[in-house]
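Below is one structure, written out as structure tokens; comments come after it.
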Amino acid sequence: MTFDELGLGAEVLKAVAETGYTEPTPIQAQAIPFVLAGRDVLGIAQTGTGKTASFTLPMIEKLSRGRARARMPRSLILEPTRELAAQVAENFEKYGKYHKLSMALLIGGVSFGDQEKKLDRGVDVLIATPGRLLDHCGRGKVLLTGVQILVIDEADRMLDMGFIPDIEEICKKIPFTRQTLFFSATMPPEIQRLTDTFLQNPERIEVSRPASASTNITQAIVKTTREGKRDMLRSLIRDENCKNAIIFCNRKRDVSIVAKSLERHGFSVGALHGDLDQSTRTKTLDGFRAGTIRLLVASDVAARGLDIPDVSHVFNFDIPTHSEDYVHRIGRTGRAGKSGIAYTLVTREDGKYLAQIEKLIGNAVPVHELTTAQPAPVGEVAIEAETAAEPATAPERKPRRSRAKPRKPEPILDSEALPPADPVAELVAETVEHIEHPEPVRRHEQTRHEQPRSEPRQEPRHERSRGRGRRDDDEGPKVLSFGDHIPAFMLNVVKLPKKGAKDIEEEEIEEVDDAGNVEEIDEIVEVEAQEA
DNA sequence: AAAAAAC
């Protein structure tokens, strides 16, 4: 089967040929003729199956006839994340290079000005995330009554993210005479219901999963402890001689911390999550694609759909708590016919998540043992930043002002240089730890204000906004309904037992120490809270 | 339990 047989025009075929693709993927082969024929399509497929081109190619073909009018786009593609939207836009540019199609990318986090200018000039293809599109609609800058082709991509993810009401609102603005292409990786009942209302007599096309739990991705779990994760990660990165890697964390805060930690250890690293400003997100992703950033520490914003052809490794710094996400995350490697390696750090608290993952993929994930206990000398490790030799790559430490507790001195020996610990003794120690402190309470806000402070410091906003924890010497939250007076009972804070509290405080400091600079981490968290 | 998406 070749692309010529699908009914696409010469210009599109030329653009496809120039990218080097000769053979359509199953979803392309099946969907393209139906899209060209004007049929609604329900595509059940994940990214990595060539799904994007299965709608962009025939859309370019269809839109090549006709002209756009101001503020009335002729087609609309909805994507759940900004990065995916940008990726689809690139796809259009690549395959539409021999057509004069105008395109606008409407995503949040960037200025309205350019987007409005493009809309005014009239666009053939509008690619958008729901929030920003509705914003433009509300401002009267775009009319959807001229949309002839609507694409709803990654529908199940839109559902996960709570976008369905937005999608329904957007669909109401588009005439029924449109052609609708609807893509989803899975078909939960809620999505099924949507297809019944959005689609008319659709052609259902289902393609098998791309190499998810299959041959070209080698998977393994690596046993570690919560405290030992960053050490273990570095050992793995060195051990594996990674070309590049995506490192997934479950929380945005941990993305920042792990990225800082790796940076401090001289690695070439970038961080990606939804609270970073869009220009940083774009720059980081471009840098990773181009190879100037070798390690990408990311939240699940990068778990699905991102198409980076050449990712050698995926590390799950945190095991995903939703087993579906595991498949998506590891699917960022082993793409475009390449092989990939996916390691998941697992602690003893993660057992049930691992069980769910193994159930989903249908087999047990083997345990990986480190092959070296020695840290590689910095200069010899390819993946570490070229500038790693000069310790200036580590961010300069600002003096700590927010904590009275003195820093723990740097250990003389890197922990990796120590002989491997006796696993049995370790397990016993962990178990004892666990029995002594059965609840790993992490409410450090409450422990912090027991520490004397050298100078008053404003509580980071995320702590204030959550309303728990309060220092005796600050003003406290303003509660409007009580004026400035706050009844005493509202200021009661449940005190943790002294011993437990101390342990937690120490753990927090250690964590942040390794990550680099206490102040900086606090600032990051604060900035994130403000942006959220 | 968390992430994502609008100012």
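Both backbone and side-chain heavy atoms feed into the values below; hydrogens, waters and symmetry mates do not. Chain letters run A, B, ... following the sequence lines, proteins first, then strands; residues in each count from 1.
Rounded to a whole Å, the CD1 atom of A:I167 is 11 Å from the C1' atom of B:dA5. With rounding to whole Å, A:H273 atom NE2 is found 21 Å from B:dA1 atom P. The CD atom of A:Q278 sits 11 Å away from the P atom of B:dA4 (whole-angstrom rounding). Rounded to an integer number of Å, the gap from A:R253 CZ to B:dA4 C1' is 20 Å. One atom, CD of A:E83, and another, P of B:dA3, lie 15 Å apart when rounded to the nearest Å. Rounding to whole angstrom units, NE2 of residue A:H136 and P of B:dA5 are separated by 15 Å. B:dA3 atom P lies 15 Å from atom CG of A:N316, rounded to whole Å. Regarding A:F248, its CZ atom lies at a distance of 11 Å from the P atom of B:dA4, rounded to whole Å.
Contact of A:T81 with B:dA4 (side chain to base): no donor-acceptor pair of N or O atoms is detected under 3.5 Å.
A distance-only check finds a donor-acceptor pair linking the side chain of A:N244 to the backbone of A:S312 [under 3.5 Å].
Backbone-only engagement by A:G109 is indicated by non-hydrogen atom pairs under 4.0 Å involving sugar-phosphate atoms exclusively. Counting any heavy atom pair closer than 4.0 Å across all strands shown, A:D325 reaches no nucleic acid atom. In this structure, A:R281 reaches the sugar-phosphate backbone alone: every heavy-atom distance under 4.0 Å involves primed, P, OP1 or OP2 atoms, never a base. Counting any heavy atom pair closer than 4.0 Å across all strands shown, A:T129 reaches sugar-phosphate atoms only and no base atom.
In this structure the side chain of A:L76 reaches within 4.5 angstrom of the side chain of A:L133, judged on heavy atoms.
The phosphate of B:dA4 has OP1 or OP2 within less than 4.0 Å of a side-chain N or O from A:S299. At the phosphate of B:dA6, OP1 or OP2 sits under 4.0 Å from a side-chain N or O atom of A:R82.
Of the candidate nucleotides B:dA2, B:dA4, B:dA5, B:dA4 has the atom nearest to the side chain of A:K252.
For A:E168, the salt bridge (Lys or Arg N to Asp or Glu O under 4.0 Å) partners are A:R193, not counting sequence neighbours. A:E83 pairs by the salt bridge (Lys or Arg N to Asp or Glu O under 4.0 Å) definition with A:R281, not counting sequence neighbours. With sequence neighbours left out, A:D156 forms a salt bridge (Lys or Arg N to Asp or Glu O under 4.0 Å) with no residue at all. For the salt bridge (Lys or Arg N to Asp or Glu O under 4.0 Å) test, no residue two or more places apart in sequence or in another chain qualifies with A:D40.
Within residues 117-125 of chain A, no residue has any heavy atom closer than 4.0 Å to DNA chain B.
Residue pairs meeting the side-chain hydrogen bond (donor to acceptor under 3.5 Å, both in side chains) criterion with at least one partner in residues 102-114 of chain A, sequence neighbours excluded, are A:S102-A:D124.
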